[in-house]
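The structure appears right after this line, and notes come after that.
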Amino acid sequence: MRNRVPSRYLPVEVRAPLYVSLKTDSMALARQKVAAIWNEQLELWKARLPGDDMEASRRHVSAQTIAQRRGFRYLHAADVADLPRREVLKRIKAIPYDEGTPDKAVTAAVFGNVPGPVTTVSSALKLYWTLAKDKTLGKSEDRLRR
């Protein structure tokens, strides 16, 4: 399969034309595989896009999404280290390689190397008010201000 990488995904994909071996010589089977592989690739790129932002929570959500797309639950690195050897090997096998180098974003997501978001006081207050909407329901602006 040879496709052009859409321009909006160029910041997260280093391969300009995307080449993927379908590992078949059957044209009918290749047509079936192309759609599935292309859709999976688009989902991976979509998951990586927020990861380029400097905001830690977006990077963390992106890592969770990438791990989920690979069939794993996102775990922190210490928890991955405590997994049985078979589970760790499954995670290693799920990492795509491009010319012998592993994909950094997928590796970090599968092995839990993306730090979680740090909650600041201002973000904690915003989070509180979204969770406590029932306490502010029906109150006037003056009462909310006080």
Side-chain angles (χ1 to χ4, degrees), residues 1-139 144:
M1 176 180 84
R2 179 176 171 256
N3 279 347
R4 181 186 62 80
V5 176
S7 59
R8 68 180 181 181
Y9 300 123
L10 286 176
V12 294
E13 180 59 62
V14 294
R15 302 171 288 183
L18 178 70
Y19 293 98
V20 177
S21 173
L22 300 175
K23 297 180 174 87
T24 183
D25 58 354
S26 167
M27 188 58 104
L29 187 58
R31 285 191 182 119
Q32 291 174 355
K33 285 184 170 186
V34 164
I37 290 174
W38 183 249
N39 287 336
E40 180 183 344
Q41 190 63 49
L42 286 174
E43 291 300 320
L44 271 173
W45 287 331
K46 285 178 190 175
R48 286 183 193 165
L49 275 180
D52 270 2
D53 293 353
M54 293 311 292
E55 189 177 324
S57 62
R58 286 189 179 177
R59 283 196 312 266
H60 196 258
V61 168
S62 176
Q64 289 173 337
T65 305
I66 290 171
Q68 185 180 22
R69 296 249 185 261
R70 293 285 169 185
F72 303 106
R73 196 179 85 205
Y74 180 83
L75 298 172
H76 294 287
D79 297 329
V80 173
D82 291 338
L83 289 173
R85 186 175 297 162
R86 282 189 175 145
E87 292 297 319
V88 175
L89 289 174
K90 284 181 186 177
R91 287 175 182 254
I92 291 172
K93 289 178 183 177
I95 298 171
Y97 285 82
D98 183 35
E99 296 178 8
T101 57
D103 188 311
K104 290 180 183 180
V106 175
T107 304
V110 169
F111 286 107
N113 291 339
V114 179
V118 178
T119 305
T120 62
V121 174
S122 59
S123 65
L125 185 62
K126 288 178 185 176
L127 179 63
Y128 171 76
W129 286 119
T130 58
L131 296 174
K133 282 191 177 199
D134 60 325
K135 294 181 180 183
T136 61
L137 193 63
K139 294 189 179 182
L144 288 173

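Along the sequence shown, residues carry numbers from 1.
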Fill in: Flag if over 12 foreign heavy atoms under 6.0 Å of CG, D25
no

Response to the item:
Looking only at heavy atoms, the pair that brings W38 and M1 closest together is CE3-CE, 4.1 Å

Worksheet item: Closest heavy-atom contact between V110 and V80?
Response: O-CG2, 4.1 Å

Discussion item. Could you report the tightest heavy-atom contact between R91 and L83, atom names first, then the distance?
Written reply: NE-CD1, 3.6 Å

Discussion item. What I'd like to find out is whether the side chain of Q64 reaches to under 4.5 Å of the side chain of H60, using heavy atoms alone.
Written reply: yes

Discussion item. Please check if the number of heavy atoms outside E87 that lie under 6.0 Å from its CD is greater than 12.
Written reply: yes

Discussion item. Could you measure the distance from the CD1 atom of I37 to the CG atom of L42? Nearest 0.5 Å is fine.
Written reply: 12.0 Å

Discussion item. If I take atom CG from residue D82 and atom NE2 from residue H76, how far apart are they, to the nearest 0.5 angstrom?
Written reply: 13.0 Å

Worksheet entry | Least distance between heavy atoms, R70 atom then P96 atom | NH2-CG, 3.6 Å

Item to complete: Check each of V34, T24, L22 against L29 using the side chain to side chain contact (heavy atoms under 4.5 Å, CB included) test, and report the only one that passes.
Response: T24

Worksheet, complete the sentence: Distance col, row D103:CG vs I66:CD1, nearest 0.5 angstrom, shows 7.5 Å

Worksheet item: Quick one: NZ on K93 to CD1 on I95, what's the gap to the nearest 0.5 Å?
Response: 12.5 Å

Worksheet item: To the nearest 0.5 Å, what is the distance between CG (N3) and OH (Y19)?
Response: 10.5 Å

Discussion item. Can you list everything that forms a salt bridge (Lys or Arg N to Asp or Glu O under 4.0 Å) with K33? Sequence neighbours excluded, please.
Written reply: none

Worksheet entry | Minimum heavy-atom distance A63-A109, with the two atoms named | O-CB, 3.3 Å

Discussion item. Using every non-hydrogen atom in the two residues, find where A108 and Y74 come nearest and quote the distance to one decimal.
Written reply: O-CE1, 4.4 Å

Worksheet item: Going from NZ on K104 to CG on N113, what distance comes out if it is rounded to the nearest 0.5 angstrom?
Response: 13.0 Å

